[in-house]
A.B. asks: 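Sending over a structure as structure tokens; questions will come in a sec.
First the proteins, then the strands, lettered A, B, ... as listed; each starts at 1.
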2 protein chains.
Amino acid sequence: MPAKRTQSHDCPIRDVLDRVGDAWSVLVIKELSQAPCRFNALQRVIDPISPRMLAATLKHLERDGLVTRHVMDQSPPQVEYRLTQMGCSLHNALESLSDWANENQPHVRAARKTYDLMRDGAG
Amino acid sequence: MPAKRTQSHDCPIRDVLDRVGDAWSVLVIKELSQAPCRFNALQRVIDPISPRMLAATLKHLERDGLVTRHVMDQSPPQVEYRLTQMGCSLHNALESLSDWANENQPHVRAARKTYDLMRDGAG
DNA sequence: CTGTATCCATGCCGATACTG
DNA sequence: CAGTATCGGCATGGATACAG
């Protein structure tokens, strides 16, 4: 269950990607980086995520020490998730990727357009 | 074929991850960042990658303008793949992730161990 | 509210064989 | 050498119902 994926290839980047390369992890991290958040709130914000996947993602992140789970016993029950310091640092590291994306998205789009036209037009 | 995945959530990081979050892309990028390389050579280095996946990955990266494909006509035919400038810049951006991984891998491992013990021991 | 258990469709990807 | 076409197993993950 811990996720298997590529292993081998002692590439550290791949190691991170095995952790946050899935569809939802970074969205959760991004959200929690702004403020602690409860389960339902997360589900609403991230939107089309199913409870199953949100629970799995949070568990995964918690296991890796990136988020912590705080149960405030009261009724109705509330559970708050927070980014750990390490989670914060990961979020920071992801920022540079974010920056890259913001800078290069137009170029990538343009490249795709060209590529698709070539492929479409000239077989 | 362009890859669908998460879309929505105008998160730029997710956009990059849709591009390089798969198992092989970063390995190819990493390899090409050191030197241009031919198809077969790539396959040998990255090892357990099938021709199918390598071709798909390269095509994907080429489409996004991250690598270029150079055919040197001679026999036997040779095709060389190179990282574009944009590909290089992406590789640089990935470095910070790599750094993060190197710094935090021990902590992550420790966190996992603890988590698994808790879960195993105390149900 | 905070999850978990079950079922099932989808699609990814490895293996393989084949083409130019 | 540099790929493409086809097939099939298997994991991923959505929908849903339900439990504490």
A.B. asks: Name the closest nucleotide to the A:M53 side chain, picking from D:dC1, D:dG13, C:dT2.
C.D. replies: D:dG13
A.B. asks: If I take atom CG in residue A:D73 and atom C1' in nucleotide C:dG3, what distance separates them, rounded to the nearest angstrom?
C.D. replies: 17 Å
A.B. asks: Quickly work out the A:E80 CD to C:dC1 P distance and round it to whole Å.
C.D. replies: 15 Å
A.B. asks: Taking CG from A:D47 and C1' from D:dG13, how many angstroms apart are they, rounded to a whole number?
C.D. replies: 16 Å
A.B. asks: Return the value, rounded to whole Å, for the distance between atom NE2 of A:H70 and atom C1' of C:dT2.
C.D. replies: 16 Å
A.B. asks: Please check if atom CD in A:Q74 has more than 12 non-hydrogen atoms from other residues, nucleotides or ligands closer than 6.0 Å.
C.D. replies: yes
A.B. asks: Of A:R52 and A:A41, whose nearest nucleotide on DNA chain C comes first from the 5' end?
C.D. replies: A:A41
A.B. asks: Please state how far atom CG in B:L54 lies from atom P in C:dA15, giving the value in whole angstrom units.
C.D. replies: 14 Å
A.B. asks: Would you name the heavy atoms of B:P51 and B:Q43 that are closest together and state the gap between them?
C.D. replies: CD-NE2, 3.2 Å
A.B. asks: Do any side-chain nitrogens or oxygens of A:W24 fall under 4.0 Å of OP1 or OP2 in D:dT12?
C.D. replies: no
A.B. asks: A:R69 side chain N/O closer than 4.0 Å to the phosphate oxygens (OP1, OP2) of C:dT2?
C.D. replies: no
A.B. asks: Check whether any side-chain N or O of A:K59 sits under 4.0 Å from OP1 or OP2 of C:dG3, and answer yes or no.
C.D. replies: no
A.B. asks: Looking at every non-hydrogen atom in both residues, tell me the closest pair between B:R14 and A:D22 and how far apart they are.
C.D. replies: NH1-O, 2.9 Å
A.B. asks: Counting only side-chain nitrogens and oxygens, does A:Y81 get under 4.0 Å of the OP1 or OP2 atom of C:dG3?
C.D. replies: yes
A.B. asks: For B:Y81 versus B:L32, what's the shortest heavy-atom pair and its separation?
C.D. replies: O-CD2, 3.5 Å
A.B. asks: Please report, rounded to the nearest Å, how far the P atom of D:dA11 is from the CG atom of A:D22.
C.D. replies: 18 Å
A.B. asks: Using every non-hydrogen atom in the two residues, find where B:L54 and B:F39 come nearest and quote the distance to one decimal.
C.D. replies: CD2-O, 3.5 Å
A.B. asks: Side chain of A:S50: nearest nucleotide among D:dG14, D:dG3, C:dG14?
C.D. replies: D:dG14
A.B. asks: Nearest whole Å is fine: how far is C:dC1 C1' from A:Q78 CD?
C.D. replies: 8 Å
A.B. asks: Taking only the side-chain heavy atoms of A:P77 (C-beta and beyond), determine which of D:dA2, C:dG14, D:dG20 contains the nearest atom.
C.D. replies: D:dG20
A.B. asks: Do any side-chain nitrogens or oxygens of B:R38 fall under 4.0 Å of OP1 or OP2 in D:dC1?
C.D. replies: no
A.B. asks: Taking the nucleotide of DNA chain C with the closest heavy atom to each, which residue, A:P51 or A:P76, is nearer the 5' end?
C.D. replies: A:P76
A.B. asks: Measure the distance from CD on A:Q43 to P on C:dG3 and round it to the nearest whole Å.
C.D. replies: 11 Å
